[in-house]
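Atoms considered below: every heavy atom in the structure, side chains included; atoms not considered: hydrogens, waters and symmetry mates. Bear in mind the structure is a predicted one, so any value in this text is a computation, not a measurement.
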Amino acid sequence: MKEEHLFDPTIAYLEKEGYSILEQHRGLEHGTDIVATKDGRKFLLELKGGSQPYVDFGTMIYQVMKEMDGLSTDRYALVVSENFRKYAARCKFSLQKLGINVYIVNENGVELLF
């Protein structure tokens with residue numbers, strides 16, 4: 001599943017969960033892919049699909065970490081296609097320590113992995 005196919009299901013999921021979408025940066029636009037808000041807290045999400053999960057997963061972790069601020073109450077997440085599942089599972093401990101959630105988008109919709 002390509003990255004552009006992750007946006008619409010993720011946005012629908014977030015809106016169903018009560019989030020308002022503040023920003024979307026699709027394609028080659030600069031910035032966090034999706035910025036949402038709920039209860040006064042921002043939720044920053046980086047999305048990756050494609051066929052090179054072993055390269056792209058590390059890139060997206062960096063993209064989220066460079067936005068993190070120890071003083072803010074913002075939330076962070078990675079949103080990936082099914083072929084990233086094993087890479088996310090391998091990094092579960094570290095990502096949880098950093099407070100980064102992982103969502104999987106597949107034919108069944110959006111799943112919170114952790």
Side-chain angles (χ1 to χ4, degrees):
M1 184 179 289
K2 294 183 178 181
E3 182 173 322
E4 62 262 19
H5 298 125
L6 303 177
F7 275 88
D8 291 337
T10 302
I11 289 169
Y13 176 86
L14 291 169
E15 289 175 338
K16 182 179 159 202
E17 294 294 314
Y19 286 90
S20 298
I21 306 304
L22 298 177
E23 299 176 28
Q24 302 177 44
H25 297 105
R26 297 176 184 239
L28 298 175
E29 296 179 47
H30 292 288
T32 302
D33 292 330
I34 298 175
V35 179
T37 188
K38 180 179 176 181
D39 300 327
R41 290 179 68 191
K42 283 187 181 178
F43 193 16
L44 293 85
L45 301 97
E46 282 295 333
L47 286 67
K48 286 282 185 264
S51 60
Q52 295 185 317
Y54 48 91
V55 173
D56 292 337
F57 197 73
T59 299
M60 70 187 311
I61 291 171
Y62 168 74
Q63 288 173 320
V64 167
M65 288 180 63
K66 71 183 175 85
E67 299 298 326
M68 296 179 93
D69 176 339
L71 302 176
S72 83
T73 60
D74 294 344
R75 294 185 54 219
Y76 304 91
L78 310 176
V79 179
V80 295
S81 57
E82 186 65 44
N83 58 331
F84 284 74
R85 184 182 292 270
K86 71 179 180 181
Y87 299 97
R90 289 179 185 161
C91 297
K92 182 178 180 178
F93 176 80
S94 299
L95 291 172
Q96 286 181 318
K97 286 291 243 186
L98 291 169
I100 300 173
N101 293 115
V102 175
Y103 293 86
I104 304 283
V105 179
N106 56 35
E107 65 278 350
N108 298 320
V110 178
E111 167 194 349
L112 173 61
L113 190 58
F114 56 84

Between Arg85 and Glu111, is there a side-chain N and carboxylate O pair less than 4.0 Å apart?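 Glu111 and Arg85: salt-bridged.
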Indicate yes or no for a side-chain donor-acceptor contact from Asn106 to the backbone of Asn108 under 3.5 Å, with no hydrogens or angles considered.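 Yes; judged by distance alone, with no hydrogens or angles, the pair exists.
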Using modelled atom types and a 3.5 Å cut-off, is there a donor and acceptor pairing between side-chain atoms of Lys38 and backbone atoms of Glu17?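 Side chain of Lys38 to backbone of Glu17, a donor-acceptor pair under 3.5 Å: yes, one is there.
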Shortest non-hydrogen contact from [X] to [Y]?
X     : Y     : value
Gly49 : Asp56 : O-OD2, 3.7 Å
His25 : Thr32 : ND1-O, 2.6 Å
Phe84 : Pro53 : CE2-CA, 3.5 Å
Ser81 : Gly50 : OG-N, 4.4 Å
Lys42 : Val35 : CD-CG1, 4.2 Å
Gln63 : Glu46 : OE1-OE1, 3.3 Å

Give the C-alpha distance, both sets of side-chain angles, the deciding distance and a yes or no for side chain to side chain contact (heavy atoms under 4.5 Å, CB included) between Asp33 and Glu3. CA-CA 10 Å; Asp33 292 330; Glu3 182 173 322; 3.7 Å; yes
Please check if atom CE in Met68 has more than 12 non-hydrogen atoms from other residues, nucleotides or ligands closer than 6.0 Å.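 Enclosed.
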Rounded distance (nearest 0.5 Å) linking atom [atom1] of [X] with atom [atom2] of [Y]:
X      : Y      : atom1 : atom2 : result
Leu98  : Tyr76  : CG    : OH    : 11.0 Å
Asn83  : Lys48  : CG    : NZ    : 13.0 Å
Leu113 : Ile104 : CG    : CD1   : 5.0 Å
Phe114 : Ile100 : CZ    : CD1   : 9.0 Å

Report yes or no: do [X] and [Y] belong to one cluster of Ile/Leu/Val/Met/Phe/Trp/Tyr joined by side chain heavy-atom distances under 4.5 Å?
X     : Y      : result
Tyr62 : Val102 : no
Tyr54 : Met60  : yes
Val64 : Phe93  : no

When clusters are formed from ILVMFWY side-chain contacts under 4.5 Å, directly or step by step, what else is grouped with Ile11?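 Its cluster partners, ordered by chain and number, are Met1, Leu6, Phe7, Tyr13, Leu14, Tyr19, Ile21, Ile34, Phe43, Leu45, Leu47, Val79, Tyr103, Val105, Val110, Leu112.
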